[in-house]
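Just so we're clear, the structure is a prediction, and the values are computed from it rather than from any experiment. Just so we're on the same page: letters track the sequence lines, and every chain starts at 1.
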Amino acid sequence: MSGMNIRIIEAEQITNAVAELCVKANTCLGDDIQAALIKARKRETLPLAQTTLDTLLKNAEVAASEKLPICQDTGMAVVFVTIGENVHISGDISGAINEGVRRGYKDGYCRNSVVSDPLRRINTGDNTPSVIHYEFDGNKSGTVEITVAPKGFGSENMGGTAMLKPSDGADGIEDYVIGVVKSAGANPCPPVIVGVGIGGTAEKAALLSKKALLRKVGSSHPDSFWAETEARLLAKINGLGIGPAGFGGKTTALALHIMTYPTHIAGLPVAVNIGCHATRHQTTII
Amino acid sequence: MRKITTPFTDETIKSLKTGDSVLLSGTIYTGRDSAHKRMMSEIPFEVEGQAIYYSGPCPAPPGRVIGSVGPTTSSRMDAYSPQLIERGLKVMIGKGERDRKVIDAIRTHTGLYLAAIGGAAALMSLCVEKSEVIAFDDLGTEAVHKLTVRDMPLVVAVDCKGNNLYKRNGVKMSCYAEKSLKKHYEWQGKIEVVSRVELNTQEELSVAYTPGVAEPCVAIQKDVNLSYELTRRGNTVAIVTDGSAVLGLGNIGAEAAMPVMEGKAVLFKEFGGVDAIPICIRSGDIDEIVNTVRLIAGSFGGINLEDISAPRCFEIERRLKECCDIPIFHDDQHGTAIVVLAALRNALKLVGKKAAEAKIVINGAGAAGTAVSLLLKESGMNNIAMCDKNGEINTGASLFATMKGADVFIGLSAPDCVTREMVAGMNKGSIVFAMANPVPEIMPDEAKAGGAFIVGTGRSDFPNQINNVLAFPGLFRGVLDVRARDITTEMKIAAAEAIAGMVSDDELCPDYIIPSPLNRLAAKAVAKAVAEKAASQ
């Protein structure tokens, strides 16, 4: 390492950044989603669908101006950390992130929704621990990128993973994804954003499906093959008629994002992660 | 927008209909998962006439009454709600579908399920004027909060008649058509002939085929009845059509009818273990059809006539019964009559009306309507008025007038020809079977809104699907098992009773008067009843 310029980041910087991201993600609806809701509002013809989308837009306005959480389910904090080359973090990074979550959820008057044990279910009282995913990116140097994506369980409960056979192909993927969204119905607070992870292993597909929710709404997949698949699946989902809040209408999903990864000759893993109408996430680069 | 206040009276609840938007003011109580679990032993407030809001709020920022407070997913409370409703709870507020038991409890106890918009939690907090924790403080956000709300915007998701907003709007699977076509390309036919014998050695060949096969041939030549024992005849039925009345498509011809006939053969095999062979005849001429079937009848144990238009189907069936020595059964007539009779028996039992006295209106005087009317009469239901598109057949009175004071409406006619008002004119505890397919005479929620107590349709996406598949596979199974020569009225009634008997008295409720078409036990029960009846005749 001698001769290289190593950047040192204090754990406290991470904590501060995470705390801010928690508050911002929970109170500010993304511009991309806001634009998509406005676009959807113009398309709807059913009065109930129109007023529901109006209500969601008004809610976002009130949340931002009054600094109130968009939704009372401020979720479990999912944190994506991408560490570039030539960075040294001084201190316990996971501890620093959880301290940030603890502080952010308190400062933002967010709800504590985490229980310490899946069966014994005692609330931890500070919404920690968060779920942290670390990545190292050799193309970035001297920076740490942090995304906080609070995930409510109205939508999280509605996801799923399937290990399809390679012969199931595109039809198998379509049947599975549409089946998951259809059976979710009104529960994940539509209009939803559908994240689809295809390939890798079971856990890789599941992680990809969550990461797919972070992509900008309105952007299309860089690979035209998958961009077409996304458009086709989205059209079918919006043909289900579930509509805003499940009250019926043309807008069941605002977007469907696919992320893929190479996989094994014997497998076709598919995972679906559904994000609610707010699909909250905020990113910063330190 | 309609304003309503707590506590709720039955009068207010009855005036609200699914899909109505309301603004709610007054006192409501929050409670979600853990609080519901505890409320099974102790409800910490006077629940009579009250509303529970499924929500766990955020902490209140300084200067505010409460933090963000939107609805959570209601289905997690389904296990607890019926008990609370029985104890006086009137209204639930949340998001998403409820299960059948909750909807039944709402209907029985004049309750209401209101939907709040999931995610609109900041906005909702502005409607709360007062908040205090009154119980289960240790549960934190899940504690029971007593809220005073003003003009909380909500939508009626399930009204006291059980109409379900989510069912009505959601999930119209529009992609069946495309998917089915794709699958048919892939299948290249849904049925095939499979050999029942091993054919590996010279000897096996000589036994199954020549020279050995001459022996069973000669045996049948001497005694034709042996064809049932020495060949597959005794398990084989011909599905005969001329393609003249296929689904709602009209006269589409022999070849085009085949996908339906193959599908029917699949149902015969899957539910009754019967080998059914589609025979699609390229003629609409009665003589030609009768002659064709007569000539091939020796290859089959029974004939199922299918999708032949009225009135030709009546004459074809009558003449074939005269000239053939195997059972002839026009499923569109008699299969429908059997399942309608089964559903009607249970429905009348549920509303406590006598079969002989109930006033029954049948709309549609085609093949199915005529057969239904005949079978109902044979089983003791004599107060029947038949209507067609010109009104009551004898008097010419309008359908609206004929339905006034009726107990039962059976539609075997056309889409959307019955209105909510027409149902409202029927007697209390009215039964509406709207069986036009795929769009019924009246949609179930409309019929319920008009006051129908029990609604059945031909569709799989509503309760009480009255479908022929409950009858024909088991019926032919039973007939073939005892080698009956005819299918008599008594055998049809026995089949209907067997289907009706699948629903026990405990299970019988307005949304469950007839078993699901996918219930394979139905065919078994029908086969047994029909075989027994045939043997006794």
Side-chain angles (χ1 to χ4, degrees), chain A residues 26-27 46-49 51-52 55-56 58-64 66-74 106 108-113 121 123 125 152-155 157-158 171 175 178 182-190 236 239-249 252 276-278, chain B residues 1 18-21 30 32-34 55-64 66-76 94-97 115-126 138-142 153 155 157 165-175 178-179 182-183 186:
Chain A
N26 270 309
T27 51
L46 281 175
L48 202 48
T51 54
T52 300
T55 303
L56 292 176
K58 177 93 177 115
N59 183 67
E61 202 183 300
V62 169
E66 305 292 317
K67 298 196 167 35
L68 287 167
I70 299 164
C71 179
Q72 83 290 342
D73 186 354
T74 46
K106 188 159 181 288
Y109 294 92
C110 297
R111 195 177 80 183
N112 297 322
S113 310
R121 307 196 79 81
N123 199 305
F153 265 51
S155 59
N157 279 336
M158 294 296 122
D171 284 353
D175 287 351
I178 290 173
K182 186 181 166 193
S183 67
N187 293 346
C189 299
K236 292 215 163 155
L240 292 174
I242 296 167
F247 296 160
T252 300
C276 68
H277 92 272
Chain B
M1 209 181 294
T18 293
D20 288 352
S21 294
T30 69
R32 42 176 292 161
D33 308 56
S34 302
S55 184
C58 286
R64 291 198 172 274
I66 199 167
S68 292
V69 60
T72 194
T73 303
S74 306
S75 61
R76 293 196 314 274
K95 69 170 163 95
E97 286 248 41
I117 294 170
L123 208 52
M124 288 296 225
S125 75
L126 305 183
D138 59 304
L139 293 178
T141 182
E142 291 199 63
V155 176
L165 176 67
Y166 296 111
K167 256 292 169 324
R168 191 176 70 182
N169 289 319
V171 196
K172 319 169 273 195
M173 225 9 187
S174 52
C175 39
E178 188 192 326
K179 194 168 181 175
K182 210 152 122 189
K183 275 287 175 194
E186 202 177 303

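With a 4.5 Å cut-off on non-hydrogen atoms, A:Ala63 touches chain B through its backbone and its side chain both. The contact between B:Val69 and chain A is made entirely by backbone atoms, counting heavy-atom distances below 4.5 Å. In this structure, chain A has a heavy atom under 4.5 Å from the backbone of B:Pro57, while its side chain stays farther away. If you measure heavy-atom distances from A:Cys110 to chain B, the contacts under 4.5 Å come from the backbone alone. Heavy atoms of A:Thr52 lying under 4.5 Å from chain B belong to its backbone as well as its side chain.
Contact annotation: the side chain of A:Ile70 never approaches that of B:Ser68 to less than 4.5 Å [non-hydrogen atoms, C-beta and beyond]. Contact of the B:Tyr166 side chain with the A:Ile242 side chain is not registered, since no non-hydrogen atoms from C-beta on lie closer than 4.5 Å. Between B:Ser55 and A:Gln72, the closest side-chain pair of non-hydrogen atoms falls below 4.5 Å. Counting heavy atoms from C-beta on, the side chains of A:Asp73 and B:Thr72 never come closer than 4.5 Å. With a 4.5 Å cut-off on side-chain heavy atoms, B:Thr141 and A:Ser113 do not count as touching. Side chains of B:Lys182 and A:Asp171 form a contact here, defined as non-hydrogen atoms less than 4.5 Å apart. Contact check for B:Leu126 versus A:Val62: side-chain heavy atoms found under the 4.5 Å cut-off.
Here the CG-CG distance, from B:Leu123 to A:Leu56, works out to 9.0 Å after rounding to the nearest 0.5 Å. The structure places CZ of B:Arg64 at 11.0 Å from NZ of A:Lys67, a figure rounded to the nearest 0.5 Å. For the atom pair CE of B:Met1 and OG1 of A:Thr51, the computed distance is 7.0 Å after rounding to the nearest 0.5 Å.
Options B:Ala116, B:Ala60, B:Pro62 differ in how many heavy-atom pairs under 4.5 Å they form with chain A, and the most are formed by B:Pro62. Among A:Asn157, A:Thr252, A:Asn187, A:Thr74, the residue making the largest number of heavy-atom pairs under 4.5 Å with chain B is A:Asn187. Listed options B:Gly118, B:Cys58, B:Gly96 were ranked by heavy-atom pairs under 4.5 angstrom with chain A; first place goes to B:Cys58. Chain A forms more heavy-atom pairs under 4.5 Å with one residue of B:Ser21, B:Ser34, B:Pro71 than with any other, namely B:Pro71. Comparing A:Pro190, A:Pro69, A:Gly243, A:Ala60 by heavy-atom pairs within less than 4.5 Å of chain B, the highest count is held by A:Pro69.
A donor-acceptor pair is defined here as one N or O able to donate and one able to accept, closer than 3.5 Å; such a pair exists between the side chain of A:Arg111 and the backbone of B:Gly56. The backbone N or O of B:Gly119 sits less than 3.5 Å from a side-chain atom of A:Asn59, completing a donor-acceptor pair. Distance alone, capped at 3.5 Å, places no donor-acceptor pair between the B:Lys95 side chain and the A:Ala186 backbone.
When every heavy atom of B:Thr73 is checked against every heavy atom of A:Gly154, the shortest pair comes out as OG1-CA, 4.0 Å.
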